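Please read through the structure below; I'll follow up with questions.
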Amino acid sequence: MINIAILGFGVVGSGTCDVLSNNAEIIKKRIGDEIYVKKILDLRDFPDSPYKDRVTHDADEVFGDPDIKVAVETIGGARVAYDYTKRALSAGISVVTSNKELVSTHGVELMKLACDNGCVYLFEAAVGGGIPIIRPLYKCLAANNIVKIAGIVNGTTNYILSSMKNSGISYEGALKKAQQKGYAEQDPTADCEGIDAQRKISILSSIVMDGKYCDPSKIHAEGISKLTTEDIALARAIGCELKLIAYFGNNGDGTASAFVAPHFVDKACMLSDVEGVFNAVLVEGDYLGQAVFYGRGAGSYPTASAVAGDVIEACVNGSVDMKTRLWDDSVSVFRDYDDIKSDFVVYSEDDDMDLSAVLPSAQAVENASGVNAVIVNDITEAELKSKLEGKSGIEYKHYLK
Ligand code: HSE
């Protein structure tokens, strides 16, 4: 029997107990051993839970127990979760987590700690919830140079944008609806200002740049709180959908670019069809071409499915060699946003505005709605802004084909 502990018995922690318990037989068949949740560490009591007898408020009962091999950290945030993760790894207990904030801010240190103590730190659930993306990048796609990632990695904002489109309601109205349904937090800042997506693309970028750490605080992040139903209608009028995209691009010269911003996503791109709380991550490898990983990016059981998968991985001795996964923050290869070239749709409500005169390299966007729009490729936002300086009535958004 392999004993594990759950740190934080919230939505994901309790979901993980359910997955491991309800599928105990098939998991036992697959790994040849039984996984048992021996302790649940939480401040609260859970008198109605079938796992109530395992709940403890005493961290020493977990970190001082030599029988516990794996701890599931589903506390969230980067304070208590950080302390407990360090305690567990220092004691040689592997940690698996869905905590993107912790992985993206302290992953360098925590992976090194796991490595030094002969255990593992795994975080499949930190990006894309239940969608397999971390392990595919590390394993299945290991033979590729990953040249591009474009992800809808935040379900709350995608739900809000879908509601605005389908019900014609404002950002504020759609946010309220998302809060009522339990998708959005009471403080929606991290989701709606792109901070959650910033953390997730930082993790994916650090992985595909072979451990060259991408600091989330240096990633430009623009959220959805300023978007309007007019922006959405305009995107659709020219054959696009308005989506919050977390982007990674390998510049091919040893540097990479990562940012989060609303994009006009061309209908030809599969990400344009991703609706509601769903997530999708498009990955382009030099030999793979493009693949899209799609599914439920949040929620108790989908996220628990990924966490439980990592628990199984951590229980199989020697499954992951942390030495090959360490992140290095000594040199940054990530460009500042001001130096990142992107494609943009530039548009004007003024039909007489000659956009090609302002932007000679731009191509007109043919559309039946008669919207005056052009696409400008491979330009920094700063350069674009300077070309548009002094011209009124012109707007732009990043463009993804
Ligand atoms: N707040 C996140 C989202 C939860 O809306 O996608 C999953 O990371």
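Counting convention: from 1, in listed order, for ligands and their atoms alike. Residue indices begin at 1 and follow the sequence shown. What you see is a predicted model, and the numbers here were worked out from it, not measured in a lab.
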Could you identify the single nearest non-hydrogen protein atom to atom 5 (O) of ligand 1 and state the distance to 0.1 Å?
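Atom 5 (O) of ligand 1 sits closest to the protein heavy atom T156 OG1, 2.5 Å.
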Just checking, is any N or O donor in the side chain of N166 or S162 under 3.5 Å from an acceptor N or O on the other one?
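N166 vs S162: no donor-acceptor pair found between side chains.
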Restricting to pairs with a member in residues 19-45, which pass ring pair (Phe, Tyr, Trp, His ring centres under 6.0 Å), not counting sequence neighbours?
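Non-adjacent pairs meeting ring pair (Phe, Tyr, Trp, His ring centres under 6.0 Å): zero.
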Given side chains that start at C-beta, do those of Y399 and K397 come closer than 4.5 Å, heavy atoms only?
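Answer no - side chains too far apart.
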N/O separation below 3.5 Å, A298 to ligand 1
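N/O-N/O distance under 3.5 Å: no.
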Salt bridge (Lys or Arg N to Asp or Glu O under 4.0 Å) between D83 and R87, intermediate numbers included
CA-CA 6 Å; D83 291 343; R87 280 189 71 179; over 6 Å; no
Any idea which protein heavy atom is nearest atom 1 (N) of ligand 1, and the distance to it?
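Looking only at protein heavy atoms, the one closest to atom 1 (N) of ligand 1 is D191 OD1, 2.9 Å.
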With atoms numbered from 1 as shown, which atoms in ligand 1 lie under 4.0 angstrom from a non-hydrogen atom of G155?
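Near G155, meaning under 4.0 Å from one of its heavy atoms, ligand 1 has 3 (C), 5 (O), 6 (O).
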Taking the six-membered ring of Y138 (Phe, Tyr or Trp), confirm whether the NZ or CZ of R325 is under 6.0 Å from its centre and within 45° of its axis.
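Positive - R325 is close enough to the ring of Y138 and near enough to its axis.
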Which is closest to atom 7 (C) of ligand 1 by heavy-atom distance: G297, G129, S98?
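Nearest option to atom 7 (C) of ligand 1, by heavy atoms: G297.
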Out of N99, V277, N158, N154, whose heavy atom sits nearest atom 3 (C) of ligand 1?
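Considering heavy atoms of N99, V277, N158, N154, the nearest to atom 3 (C) of ligand 1 sits in N154.
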Among V265, L400, L271, which residue meets the side-chain contact (heavy atoms from CB on, under 4.5 Å) test with K243?
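Option passing the side-chain contact (heavy atoms from CB on, under 4.5 Å) with K243: V265.
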Sub-4.0 Å heavy-atom contact, E185 with ligand 1:
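Under 4.0 Å: no for E185.
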Has ligand 1 got any nitrogen or oxygen that is less than 3.5 angstrom from a nitrogen or oxygen of N279?
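No, N279 has no N/O under 3.5 Å of an N/O on ligand 1.
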Among pairs that include at least one residue of residues 79-117, which meet ring pair (Phe, Tyr, Trp, His ring centres under 6.0 Å), considering only residues two or more places apart or in two chains?
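Those involving residues 79-117 are F63-Y84, Y82-H106.
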Select the closest option to atom 4 (C) of ligand 1 among R296, E101, K100, judged by heavy-atom distance.
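Of the listed residues, K100 has the closest heavy atom.
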